[in-house]
Amino acid sequence: MNAENTDMRFMSSAIEQALNGMNQNEGGPFGAVVVKNGTIIGRGNNRVIANNDPTAHAEVMAIREACRNLGSFQLDGCVIYTSCEPCPMCLGAIYWAHIEKIYYACTKNDAAEIGFDDAFIYEELPLSLSDRKIKGISLGREEGLKAFARWNEKEDKIKY
């Protein structure tokens with residue numbers, strides 16, 4: 001099987017995850033799989049409704065399962081296949097997980113057409129914290145810096 005057929009097989013698995021979750025009323029029509037060395041190591045579908053959790057997006061669920069299966073918080077050497085271009089939160093999770101490549105089926109514009117529009121988040125990011133719709137207010141910095149100083153001094157810390 002050539003690389004394109006293999007990639008499409010994994011994308012079909014991601015889309016199947018989307019359909020299964022949607023058909024069970026767990027959340028929106030989104031699915032993802034994480035693949036390492038040609039094997040699916042994490043699967044996820046949107047479970048926002050089922051889990052009462054706004055962070056239970058398909059990509060996050062697949063990343064969580066892949067990390068559990070590998071016993072690692074980093075997914076070096078992995079690829080994610082997702083039924084839709086990742087939202088800003090999922091994109092951040094993908095970067096934090098050190099995933100190497102993203103394949104997506106539908107675009108964020110396709111998602112916006114069915115009511116899943118994340119453009120407002122992208123518009124908020126370049127604004128200063130005080131100009132955003134959800135205000136960011138610094139509080140307790142001196143106290144918080146104590147924890148940062150202790151982390152900086154910690155000799156047995158695990159960097160990520």
Heavy atoms, side chains only, cut-off 4.5 Å: are [X] and [Y] in contact?
{"X": "P86", "Y": "I94", "result": "yes"}
{"X": "N25", "Y": "I49", "result": "no"}
{"X": "P29", "Y": "N46", "result": "no"}
{"X": "H98", "Y": "D76", "result": "yes"}

Closest approach of [X] to [Y] (non-hydrogen atoms, all atoms of both residues):
{"X": "K135", "Y": "R132", "answer": "NZ-O, 2.8 Å"}
{"X": "K36", "Y": "L70", "answer": "CD-CD1, 4.2 Å"}
{"X": "A14", "Y": "S83", "answer": "CB-N, 4.2 Å"}
{"X": "V48", "Y": "H57", "answer": "CG2-CD2, 3.8 Å"}
{"X": "A62", "Y": "G44", "answer": "CB-N, 3.7 Å"}
{"X": "W151", "Y": "K157", "answer": "O-NZ, 3.0 Å"}

query = In chain order, what residues pass the salt bridge (charged side-chain N to carboxylate O under 4.0 Å, His left out) check against E26, with sequence neighbours excluded?
reply =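 E26 satisfies salt bridge (charged side-chain N to carboxylate O under 4.0 Å, His left out) with R47 only.
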
inquiry  = Can you tell whether the side chains of R150 and E153 come within less than 4.0 Å, N to carboxylate O?
reply    =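 Looking at E153 together with R150, the answer is no, because their closest N to O distance does not fall below 4.0 Å.
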
ask   = Does the pair D156/K154 count as a salt bridge with the N-to-O cut at 4.0 Å?
value =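 Judged by the 4.0 Å cut-off on N to carboxylate O distance, D156 and K154 do form a salt bridge.
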
task = In sequence, state the C-alpha distance, the side-chain angles, and the governing distance for F120 and D117, and then conclude on side-chain contact (heavy atoms from CB on, under 4.5 Å).
result = CA-CA 7 Å; F120 72 98; D117 192 356; 5.7 Å; no

Are [X] and [Y] linked, directly or through other ILVMFWY residues, by side chains that come within less than 4.5 angstrom of each other?
{"X": "V34", "Y": "I102", "answer": "yes"}
{"X": "I137", "Y": "L129", "answer": "no"}
{"X": "I99", "Y": "L91", "answer": "yes"}
{"X": "F116", "Y": "M61", "answer": "no"}

key: Evaluation steps, side-chain contact (heavy atoms from CB on, under 4.5 Å), between V60 and C90   = CA-CA 6 Å; V60 172; C90 292; 4.1 Å; yes

ask   = Tracing side-chain links under 4.5 Å among I, L, V, M, F, W and Y, which residues wind up in one group with Y103?
value =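 Listed partners: M8, F10, M11, I15, L19, M22, V33, V35, I40, V79, Y81.
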
request  = Answer yes or no: is there a donor N or O on one side and an acceptor on the other, between the side chain of N69 and the main chain of A66, under 3.5 Å?
outcome  =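 Checking the backbone N and O of A66 against the side chain of N69, no donor-acceptor pair under 3.5 Å is found.
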
query = Got a donor-acceptor contact below 3.5 angstrom from the E85 side chain to the K108 backbone?
reply =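 Looks like yes, one N/O pair under 3.5 Å.
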
request  = Step by step, work out the side-chain hydrogen bond (donor to acceptor under 3.5 Å, both in side chains) result for T82 and E59.
outcome  = CA-CA 7 Å; T82 179; E59 296 90 339; 2.8 Å; yes

inquiry  = With a sphere of 6.0 Å drawn around CG of L125, does it hold more than 12 non-hydrogen atoms of other residues, nucleotides or ligands?
reply    =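 Atom CG in L125 is packed in, count exceeds 12.
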
request  = Look at atom OH of Y95 and say whether more than 12 heavy atoms of other residues, nucleotides or ligands are closer to it than 6.0 Å.
outcome  =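 Check fails, neighbour count at 12 or below.
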
message = Evaluate I121 against C87 for side-chain contact (heavy atoms from CB on, under 4.5 Å), listing each step before the verdict.
response = CA-CA 9 Å; I121 298 172; C87 75; over 6 Å; no

ask   = Nearest 0.5 Å, what's the CZ-CZ distance between F148 and R141?
value =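 It comes to 9.5 Å.
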
inquiry  = For T55 and D53, which I'm curious about, is there any donor-acceptor pair between the side chains at under 3.5 Å?
reply    =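 Present: a donor and an acceptor within the cut-off.
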
